[in-house]
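Keep in mind the model is a prediction, meaning the values are calculated, not measured. Chain naming here is simple, since letters A, B, ... match the order of the sequence lines and numbering starts at 1 in each.
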Number of protein chains: 2
Amino acid sequence: MLLHLTMELAEGKQKFIESWGRLGSEWGVNRTMAQVHALLLIAPEPLTTEEVMEQLNISRGNANMTLRDLINWGLVEKQHKPGERKEYFFAEKDIWTVARQVARERKKRELDPMLKVLNELSAVEGDQNDKEFAAFNKSITDIHKLARNSDKMMETMLKADESWFWGSILKIFK
Amino acid sequence: MLLHLTMELAEGKQKFIESWGRLGSEWGVNRTMAQVHALLLIAPEPLTTEEVMEQLNISRGNANMTLRDLINWGLVEKQHKPGERKEYFFAEKDIWTVARQVARERKKRELDPMLKVLNELSAVEGDQNDKEFAAFNKSITDIHKLARNSDKMMETMLKADESWFWGSILKIFK
DNA sequence: TACTATTTTCGAAATGGCCTGAAATAGTAT
DNA sequence: ATACTATTTCAGGCCATTTCGAAAATAGTA
């Protein structure tokens, strides 16, 4: 009997959806959302809500909400086929665009609010001879600096195109 | 009546702990863990379990587990004071070291396993004329490339010291 | 060895996030 | 209008994760 040294396509798809789902859930994107995204990423054609429901075994309500969320994240779009009433969904396939889009959302949800708080906390005044204040102030200042640097880096990444970005980065990092 | 234009220290601490907690929970670190970390970050002296419990209003069990987790993440260390039996805990204060430590953990938990899966999935064979296979293969290949680049970047960052890292990065990104 | 201070463990309870299913709404053709 | 299909909403239930609290284990001391 012939052993399968390589994976079947169907098995591969399954594995990818599962892994992408797990990865997503460690990233603040919930598992189902990441799985639907994975499914659409590897689909050659747009899919209907119905197909998403079947392939992932999720309810209509869930599929609908999840697809809406993905659209809000800018990762998925609707498409209408002429003569049909059903909506079709497809994912942005350029993975660099996907990465930037995710970075953009996360910046908006995490980094920006944190910067706002750090600005406020930087304004807290006190006596440097007070150990409590000195320790607080130093931490806030340092974190603020790191956050601002991250912000600048993000901003640039969001504007850059893939080849330029990795070209510059990897040149330094080799 | 005089309005407070700047925040009180106590209020600032509170706000920082809260924000750091929220940020943490969007990062796969649970809220309590991030809050304990925040508390220790701004504390001028090491704290006991007891003090952590009081200041954050959490149970002994929770405090104990959380501190252990933080130690496992390499963010907190134990200290013994001579003549005392109690254990004191303090956080790594160098924020760049903290950032690298977090990056190291996340790489281990997320990027490395994903790279492993992508290697397997890259080995799936098929006919490029089969639309299903072609779409799958292209996505996997692209993601694999992105993941490998991220991996290289991480590796370098983990070795670099702060000034070198931001010096090089911000030079490009300005 | 007994006593006390401290830490660790772990089952149970609480919390919060996710998903379902069914009803409401919207859209289209006859 | 009416019937039919597709989409959206949301209250309620479910499940995983987090937290509590008290008991057990451990470590230090006399």
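- A:D69 comes within contact range of no nucleotide atom at all, as no heavy-atom separation falls under 4.0 Å.
- The side chain of A:N30 approaches C:dC19 more closely than any other nucleotide in the set C:dT4, D:dT7, C:dC19.
- OP1 or OP2 of D:dT7 has not a single side-chain nitrogen or oxygen of A:N64 nearer than 4.0 Å.
- Distance, B:H80 NE2 to D:dA27 P: 11 Å, rounded to whole Å.
- Map A:G83 and B:K86 each onto its nearest nucleotide of DNA chain C; the residue landing nearer the 5' end is B:K86.
- Using cut-offs of 30° and 60° on the angle between ring planes, the pair B:H37 and B:W20 is tilted.
- When the P atom of D:dT18 is taken as reference, atom CZ of B:R31 falls 11 Å away, rounded to whole Å.
- The nearest whole Å value for the distance from the CG atom in A:L56 to the P atom in C:dC18 is 16 Å.
- Residue contacts for A:E87: at a heavy-atom cut-off of 4.0 Å it reaches the sugar-phosphate backbone alone, with no base atom in range.
- For A:K78, the side-chain atoms get nearest to D:dT8 when compared with the rest of D:dA6, C:dT7, D:dT8.
- Comparing B:R60 and A:M33 by the nucleotide of DNA chain C that holds the closest heavy atom to each, the one mapping nearer the 5' end is B:R60.
- Shown here is B:K116, whose NZ atom has no more than 12 heavy atoms of other residues, nucleotides or ligands within 6.0 Å.
- Atoms CG (A:L47) and P (D:dT7) sit 13 Å apart, rounded to a whole Å.
- As the counterpart of D:dT29, C:dA2 is assigned, both hydrogen-bonding distances of the Watson-Crick or G-U wobble pattern falling under 3.5 Å.
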Given side-chain contact (heavy atoms from CB on, under 4.5 Å), test B:M157 with B:R100 step by step and report yes or no.
-> CA-CA 7 Å; B:M157 169 186 162; B:R100 274 194 318 206; 4.1 Å; yes
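- Interface remark: the A:R85 side chain does form a donor-acceptor pair with the D:dT5 base, using a distance-only criterion of under 3.5 Å.
- Between B:F165 and B:W96, the ring planes lie tilted relative to each other; the angle falls in the 30° to 60° range.
- For A:T32 and C:dC18, the shortest distance from a side-chain N or O to OP1 or OP2 is not below 4.0 Å.
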Candidate pair B:V76 and B:D69, rule side-chain contact (heavy atoms from CB on, under 4.5 Å), full reasoning = CA-CA 9 Å; B:V76 164; B:D69 286 349; over 6 Å; no
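- Note: CD (B:E84) to P (D:dT29) measures 11 Å, nearest angstrom.
- Across the protein-nucleic acid pair, A:E50 atom CD and D:dT8 atom C1' stand 15 Å apart, rounded to whole Å.
- Rounded to an integer number of Å, the gap from CG of B:L67 to C1' of C:dT6 is 14 Å.
- Base pairing of D:dT8 is made with C:dA23, judged by Watson-Crick or G-U wobble geometry with both donor-acceptor distances under 3.5 Å.
- Comparing A:N62 and A:Y88 against DNA chain D, the residue whose closest nucleotide sits nearer the 5' end is A:Y88.
- Regarding contacts with the backbone of C:dT9, a side-chain N or O of B:R68 is found under 4.0 angstrom from either OP1 or OP2.
- Closest to the side chain of B:M65, out of C:dT7, D:dT5, D:dT19, is D:dT19.
- With C:dC19, D:dT5, D:dG21 as the choices, the nucleotide that has an atom nearest any side-chain atom of B:S59 turns out to be D:dG21.
- Following rounding to the nearest Å, A:K81 (NZ) and C:dT28 (C1') show an atom-to-atom distance of 20 Å.
- By the 30° and 60° cut-offs, the orientation of the rings of B:F16 relative to A:F136 is perpendicular.
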